[in-house]
Amino acid sequence: MAFRAPFFFAALFFFFFFFSATIINSASAESEAEAGSGLAMNFYKDTCPQAEDIIREQVKLLYKRHKNTAFSWLRNVFHDCAVQSCDASLLLDSTRRDLSEKETDRSFGMRNFRYLDDIKEAVERECPGVVSCSDILVLSGRDGVVALGGPYIPLKTGRRDGRRSRADVIEEYLPDHNESMSVVLERFARMGIDTPGVVALLGAHSVGRTHCVKLVHRLYPEVDPAFNPDHVEHMLYKCPDPIPDPKAVQYVRNDRGTPMIFDNNYYRNILDNKGLLLVDHQLAVDKRTKPYVKKMAKNQNYFFKEFARALTILSENNPLTGDKGEIRRQCNIANKHH
């Protein structure tokens with residue numbers, strides 16, 4: 001058979017043209033998708049290329065000095081991003097008009113906000129007026145997980161800061177630890193987080209502590225029979241008062257075995273009826289969540305994978321981007337506009 005060069009080269013040209021167009025369109029689609037949310041990986045690569053490194057180093061430094069900071073940073077992400085938007089509204093102080101979210105009952109026991117100010121100051125020295133408090137809040141939570149032995153999670157940046165507290169709506173968004181599993185699942189579902197994602201996020205209770213104020217209703221006047229009897233004596237020792245002083249620092253470690261390690265021991269504990277909060281107990285017995293609890297108890301890699309996926313969704317909940325919001329100069333105060 002004769003070789004027909006014109007036909008061959010025409011076909012070859014069509015193939016490369018079509019293939020190249022496909023790659024360009026695919027890349028363009030990815031760019032448009034990132035532009036749609038306003039967030040992007042390495043958002044500060046041109047304006048403050050050292051930003052994420054500075055935050056990471058500050059987290060390491062502060063964690064060496066104050067171990068409990070890592071728990072606080074992780075909790076910040078949930079308490080900020082779950083309430084309408086990831087916009088650092090949590091960090092704002094009270095004003096004459098607005099109560100701070102930090103002062104609501106849902107934020108009881110939260111502390112160490114001043115260390116976020118330290119991180120902000122370090123970033124400002126390198127790149128004044130560029131990096132938002134909301135990105136610092138999210139990235140410090142991410143890096144806090146790493147400090148505790150958890151997975152590193154690549155997260156997008158580009159959030160901007162809100163100008164007012166959301167304390168007036170906080171109870172509509174943040175589930176309480178005493179609410180039913182149906183309410184907990186529904187609140188997370190609003191943000192696009194499914195059941196295994198909820199189970200994984202509650203695995204953050206692997207670290208940190210529960211204040212007696214939040215626990216005594218399961219101990220007094222009678223001990224909740226759902227508790228593992230072997231665990232009760234320790235809890236009564238740590239929480240001896242039926243009505244504890246809320247200003248006293250009385251607490252029980254969430255996980256007595258590995259209290260400073262972010263791992264899947266939490267799931268084994270709650271299957272053994274050692275969950276401190278009612279939501280921990282419900283997670284282990286509810287038919288919708290128990291299969292995932294059992295799977296995460298057996299497989300830490302599965303827990304880490306689902307946690308990373310859920311935290312990513314949470315961190316991208318309705319952010320302010322583009323020309324919305326502002327870049328706060330101080331994380332606890334909205335900028336003054338003259």
Side-chain angles (χ1 to χ4, degrees), residues 22-63 69-70 73-74 76-78 80-81 85-91 115-162 191-193 197 201 262 304-329 331 335:
T22 301
I23 292 174
I24 291 168
N25 287 337
S26 175
S28 174
E30 287 181 14
S31 298
E32 286 176 13
E34 286 204 331
S37 71
L39 303 179
M41 289 294 181
N42 301 312
F43 179 85
Y44 299 107
K45 65 180 183 298
D46 296 323
T47 54
C48 188
Q50 300 301 315
E52 293 199 29
D53 289 337
I54 293 170
I55 294 168
R56 188 176 300 114
E57 289 307 310
Q58 285 292 309
V59 165
K60 286 180 183 176
L61 182 66
L62 290 164
Y63 178 69
T69 53
W73 292 325
L74 180 53
N76 287 344
V77 179
F78 171 62
D80 185 61
C81 294
S85 172
C86 243
D87 66 349
S89 61
L90 171 69
L91 305 181
Y115 298 126
L116 282 174
D117 296 333
D118 293 343
I119 299 173
K120 173 69 169 173
E121 287 171 11
V123 174
E124 286 291 301
R125 286 194 292 270
E126 180 74 18
C127 314
V130 174
V131 181
S132 68
C133 295
S134 46
D135 276 340
I136 290 172
L137 181 151
V138 166
L139 294 179
S140 62
R142 183 266 304 275
D143 295 335
V145 170
V146 175
L148 291 164
Y152 174 80
I153 306 167
L155 295 176
K156 293 178 182 178
T157 44
R159 299 165 192 79
R160 288 169 66 84
D161 302 322
M191 295 180 278
I193 299 173
L201 284 178
F262 188 88
F304 282 179
K305 179 174 75 72
E306 288 298 324
F307 181 84
R309 184 176 65 85
L311 190 72
T312 299
I313 296 170
L314 178 63
S315 74
E316 296 178 9
N317 183 36
N318 194 29
L320 301 178
T321 58
D323 58 1
K324 296 178 182 177
E326 64 185 18
I327 305 297
R328 277 184 223 145
R329 297 181 187 90
C331 289
N335 295 343

Would you say the side-chain atoms of Glu124 pair up with the backbone N or O of Gly129, donor to acceptor, closer than 3.5 Å? yes

Listed partners of Ala88 passing side chain to side chain contact (heavy atoms under 4.5 Å, CB included), at least two apart: Leu91, Cys133, Ser134, Asp161, Arg328

Nearest non-hydrogen partners of Pro319 and Glu316, listed with the distance: CD-O, 3.3 Å

Can you give me the closest heavy-atom contact between Ile119 and Val59, atom names plus distance? CD1-CG2, 4.1 Å

Among Ile327, Val138, Leu137, Val131, the one residue meeting side-chain contact (heavy atoms from CB on, under 4.5 Å) with Arg159: Val138

Results of side chain to side chain contact (heavy atoms under 4.5 Å, CB included) for Gln50 - residues two or more places apart only: Asp53, Ile54, Glu126

Can you tell me how far CZ of Phe43 sits from CG of Asp135, rounded to the nearest 0.5 angstrom? 7.5 Å

What's the separation between atom SG in Cys81 and atom CG in Leu314, rounded to the nearest 0.5 Å? 5.0 Å

Report yes if the side chains of Leu61 and Asp118 come closer than 4.5 Å at any heavy-atom pair, otherwise no. no

Any sub-3.5 Å donor-acceptor pair from Ser89's side-chain atoms to Gly162's backbone N or O? no

Minimum heavy-atom separation for Ser132 to Tyr44, with atom names? N-OH, 3.4 Å

Once rounded to the nearest 0.5 Å, what's the spacing between atom CG of Leu74 and atom CZ of Phe307? 5.0 Å

Test Leu320 against Ser85 for side chain to side chain contact (heavy atoms under 4.5 Å, CB included), laying out the working first. CA-CA 7 Å; Leu320 301 178; Ser85 172; 4.2 Å; yes

So, using salt bridge (charged side-chain N to carboxylate O under 4.0 Å, His left out) as the criterion, who are the partners of Glu57 when residues are at least two apart? Lys60

For Gly322, does its backbone N or O pair with a side-chain atom of Arg160 as donor and acceptor, under 3.5 Å? yes

Closest contact, heavy atoms only, Ala310 versus Ile193: O-CD1, 3.9 Å

Spacing of CD1 belonging to Ile55 relative to NZ belonging to Lys120, to within rounding of 0.5 Å: 9.5 Å

Sidechain-backbone polar pair: Asp80 side chain, Leu90 backbone, donor-acceptor under 3.5 Å: yes

Partners meeting side chain to side chain contact (heavy atoms under 4.5 Å, CB included) with Asn42 (sequence neighbours left out): Lys45, Glu52

Would you say that Arg142 contacts Trp73 through its side chain, given a criterion of any heavy-atom pair below 4.5 Å between the two side chains? no

Separation between CE (Met191) and CD1 (Ile313), nearest 0.5 Å, reads 9.5 Å

Kindly write out the residues that satisfy side chain to side chain contact (heavy atoms under 4.5 Å, CB included) with Lys305, not counting sequence neighbours, or none if the list is empty. Tyr302

If the condition is ring-ring contact (aromatic ring centres under 6.0 Å, His included), which residues does Tyr63 pass it with, not counting sequence neighbours? none

Got a second to check how far Leu148's CG is from Asp143's CG, nearest 0.5 Å? 11.0 Å

Of all heavy-atom pairs between Ser140 and Leu116, which one has the smallest distance, and what is that distance? OG-CD2, 3.4 Å

Closest heavy-atom pair and its distance - Ser315, Leu155: OG-CD2, 3.7 Å

